[in-house]
**Q** 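Pasting a structure below so you can have a look.
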There are 2 protein chains.
Amino acid sequence: MKLKEFAKQLGLSPTTVSRALSGYPEVSEKTRKRVAEEAVRLGYRPNINAVRLVTGRAGAIGVVMGRNEFQFCEFMSGMAERLDSEDIDILVSPVAVQDTKAEIQLYSRLATSGRVDAVIVHSPKPNDERILLLHKLGIPFLVHGRSETNVPHAWLDIDNEGAIRRATSHLLDLGHRRIALINGRDGLTFTLHRDKGYREALEQRGIPFDPRLVAHGQFTDEIGFRFARSLLEQSPRPTAFVAGSMMTALGVYRAVRSLDLVVGRDISVIAHDDVFPYLTADNMAPSLSTSRSSLRAAGARLADLTLQLLAGRPASEIHELWPVELILRESTGPAAEAAQ
Amino acid sequence: MKLKEFAKQLGLSPTTVSRALSGYPEVSEKTRKRVAEEAVRLGYRPNINAVRLVTGRAGAIGVVMGRNEFQFCEFMSGMAERLDSEDIDILVSPVAVQDTKAEIQLYSRLATSGRVDAVIVHSPKPNDERILLLHKLGIPFLVHGRSETNVPHAWLDIDNEGAIRRATSHLLDLGHRRIALINGRDGLTFTLHRDKGYREALEQRGIPFDPRLVAHGQFTDEIGFRFARSLLEQSPRPTAFVAGSMMTALGVYRAVRSLDLVVGRDISVIAHDDVFPYLTADNMAPSLSTSRSSLRAAGARLADLTLQLLAGRPASEIHELWPVELILRESTGPAAEAAQ
DNA sequence: ATCATGAACCAAATCGTTTTAAATTCCTGT
DNA sequence: ACAGGAATTTAAAACGATTTGGTTCATGAT
């Protein structure tokens, strides 16, 4: 059913019908109601591609998904939750992690293709090429994380620095002195922030920073296992780990157990938890102390902010920094004297 | 830059330019080459929304993502890999798991919105409402999994029955007699197939089926832990588990350890592995025996089949059943006599 | 009686392509 | 030199909405 035909059945012009459905003021309340009712009854819905052509809007938000990122789904769920009521789609493009060139190209294509009204940028670097590119191309975009590029941009981030500072401080309070940090991929802002939080906590107690206690890499259980295992075989070994994600923590648990040590007694572990429905900190054995932040909520909020940005709110006004809770469970305990 | 302007610069008509770019035969090779080169040089690209309007194609494939499904990302990565070279997007809509009504509504909206050319259906039931709906609405769709609805439809599935039959048989070969099965959500085809494979293996050895040894549920570590733990506390306890996924297996491992038993010695475990880059069977401790099938490959192939379907290949011709490898690692061993 | 005002509606132009149907150019064989 | 047909190219009509710039008709003021 096309607009023309639908309008004729109503005895109205296409103009009036279109306006009635889009909520313009110059249509009488009576007519508007009738149009709305008949649209439902006769099943009329505007052809979305015609609308897109004439309005120039795409009705979609673009998200680039790195391979190997199990966090992604949770974030997307949040976005979608918020966009459910709007008439806006999520368009997903995947890219190989760490292939910067391909990634830049992808963003460029996405931005100029006209298929999306806005783009989400994940895991930015302090001087992120993608941000410069999107700014140059003039397409609205939101950054999930922070960057120090000097172009104005909207962002939403969690307080990574504070989270790791508090986690580290807590371990120090418990008497730990050799605390290892398993951080994210090198060069990313959140990795640097976490590093900073870690160092600050050490500095506050006058404990020297030892670069051998810090590793960088993707959030896989393998990275967690390998690094934890190699550190635990050394002497003196660390008595505590701050892990970057749930997966990394799984690897650390495995390493600890493989050496017949016990998490929570011999070795303390705190991890950052993005809150997954299928793998929870409470369910690990022993239950895992975490700095906790909901990726789903971040996704929902970022979708919301995107709508605001598209509605005209200036990007330079859109900045949100979310605090992170520290939740203590069984995986943290006083430093074992024996291990010192 | 619009087509009209671009054509004028080339001294050609819009028609010829459009045809040259779309690869029609009635354009001379010389002209085609010139058009292609100039398009790159001047940066002309057809307005995608105009193309969509006039061709009636959406240039996108719709995927509905259930919440809580960590498998989803891997599948999507595969799809995207295949679609990278095509000019086709992936449009993701999320829905709450187990809210059938909302899900049906979502599929209906997706199919009639004109935003996608085809839809992917995941985890079907033997008599799946979504399949009937999409067939009725006349939109092309592909099923990831199998269904017994009598409408013709394209599908790709792995041999769940064979996988679990072989896993169970292998455990029987090792002398296990009380083998527990942690299956997927009740009512789904793949769950039924796995159940069938399990029963067949038992039947072959004349071992009676005991419903108390089978559980159903989502693929979370919690389900794995709870069920395994409650079974292991009984007497006689099972000596082996067949787990539905990596997450479930994590839960089983945890349950086994929590009772001071050892996986691979006291209790054998085989799980189905969809192959995740961030959590691998080799990296578990002990390494996990799995029936293995790549979700990513399935995604890529399903994207490929979707393109074929859209190109006119009849749905009734598109059926693929993939075999599943059984890979033995440390988590399986002979049944411990003591436990009998 | 006339005119300005505003509410409600409408005709036609527009968005930027693809595609149909027709026109032109270029060969080839007689 | 020219008909006939193949090979190229083109003008104009879609596609289905939104939006610009009216028109109509009542109402109340002058």
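Labels below follow one simple rule: chain letters A, B, ... track the order of the sequence lines, proteins then strands, and each chain is numbered from 1.
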**Q** Round to a whole Å and report the spacing from CG of N49(B) to C1' of dT14(C).
**A** 15 Å

**Q** Touch check for L12(A), heavy atoms < 4.0 angstrom, all strands: base, sugar-phosphate only, or nothing?
**A**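 Counting heavy atoms under 4.0 Å across all strands, the contact made by L12(A) is with sugar-phosphate only.
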
**Q** Can you find a heavy atom in the side chain of V54(B) that is under 4.5 Å from one in the side chain of N49(A)?
**A**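 Heavy-atom side-chain distance check fails, nothing below 4.5 Å.
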
**Q** Of the nucleotides dG16(C), dT9(D), dT18(C), which one has an atom closest to the side chain of S22(B)?
**A** dT18(C)

**Q** Specify the separation, in whole Å, of atom NZ of K8(A) and atom P of dC10(C).
**A**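 The answer, rounded to whole Å, is 14 Å.
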
**Q** Does dA17(D) have OP1 or OP2 sitting under 4.0 Å from an N or O in the side chain of S18(A)?
**A**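 Indeed not, no polar side-chain atom of S18(A) lies that close.
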
**Q** If each of R19(A) and L3(A) is mapped to the nucleotide of DNA chain D with the nearest heavy atom, which maps nearer the 5' terminus, i.e. the 5' end?
**A** L3(A)

**Q** Hey, is the main chain of D128(B) close enough, under 3.5 Å, to the side chain of T149(B) for a donor-acceptor pair?
**A** no

**Q** Please state how far atom CZ in R57(B) lies from atom C1' in dC15(D), giving the value in whole angstrom units.
**A**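 After rounding, the gap between these two atoms is 13 Å.
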
**Q** At 4.0 Å (heavy atoms only), tell me whether R52(A) reaches a base, stays on the sugar-phosphate, or touches nothing.
**A** nothing

**Q** dT14(C) P sits how many Å from N47(A) CG, rounded?
**A**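 From N47(A) CG to dT14(C) P: 21 Å.
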
**Q** Rounded to whole angstroms, how far apart are CD on E26(A) and C1' on dT24(D)?
**A**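 In whole Å, dT24(D) C1' lies 15 Å from E26(A) CD.
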
**Q** From the list dT18(C), dG16(C), dT8(D), which nucleotide is the closest neighbour of the side chain of L53(A)?
**A**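 Selected nucleotide (nearest to the side chain): dG16(C).
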
**Q** Closest approach of F72(A) and V64(A), non-hydrogen atoms and distance?
**A**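 That closest heavy-atom pairing would be CE1-O, 3.8 Å.
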
**Q** How many Å lie between OH on Y44(B) and P on dT18(C), as a whole number?
**A** 6 Å

**Q** By the 4.0 Å heavy-atom rule, please label F6(A) as base, sugar-phosphate, or nothing.
**A**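 Answer is nothing: F6(A) stays at 4.0 Å or more from every strand.
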
**Q** Which part of the nucleic acid does T15(A) contact within heavy-atom distance under 4.0 Å: base, sugar-phosphate only, or nothing?
**A** base

**Q** Under 4.0 Å between a side-chain nitrogen and a carboxylate oxygen: does that hold for E38(B) and R41(B)?
**A**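 Counted as a salt bridge, because a side-chain N and a carboxylate O are separated by less than 4.0 Å.
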
**Q** Might you point out which heavy atoms bring V17(B) and L12(B) nearest each other, and give the distance in Å?
**A** CG2-CB, 4.0 Å

**Q** If you pin P46(B) and P14(A) to their nearest nucleotides in DNA chain C, which one's is more 5'?
**A**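 Residue closer to the 5' terminus by nearest nucleotide: P14(A).
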
**Q** Does Y24(A) have a side-chain nitrogen or oxygen under 4.0 Å from the phosphate oxygens OP1 or OP2 of dT20(D)?
**A** no

**Q** Of the options dT20(D), dG16(C), dC15(D), whose atoms approach the side-chain atoms of K2(A) most closely?
**A** dC15(D)

**Q** With a 4.0 Å cut-off on heavy atoms, is T16(B) in touch with a base, just the backbone sugar-phosphate, or nothing at all?
**A**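 It contacts base atoms.
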
**Q** K30(B) has an atom NZ; how far is it from atom P of dA7(D), in whole Å?
**A** 17 Å

**Q** Salt bridge or not between E129(B) and K125(B)? Use side-chain N to carboxylate O under 4.0 Å.
**A**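 Result for this pair is no, no salt bridge flagged.
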
**Q** Of the candidate nucleotides dA17(D), dG21(D), dT9(D), which contains the atom at the shortest distance from the side chain of V51(A)?
**A**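 Looking only at heavy atoms from C-beta outward on V51(A), the closest nucleotide is dA17(D).
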
**Q** Would you classify R32(A) as touching base, sugar-phosphate or nothing, given that sugar-phosphate means primed atoms plus P, OP1 and OP2, and contacts are heavy atoms under 4.0 Å?
**A** nothing

**Q** Within this structure, what is the CG-to-C1' distance between L10(B) and dT10(D), rounded to whole angstrom?
**A** 15 Å

**Q** Check whether any side-chain N or O of S28(A) sits under 4.0 Å from OP1 or OP2 of dC9(C), and answer yes or no.
**A**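 For dC9(C), OP1 or OP2 has a side-chain N or O of S28(A) closer than 4.0 Å.
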
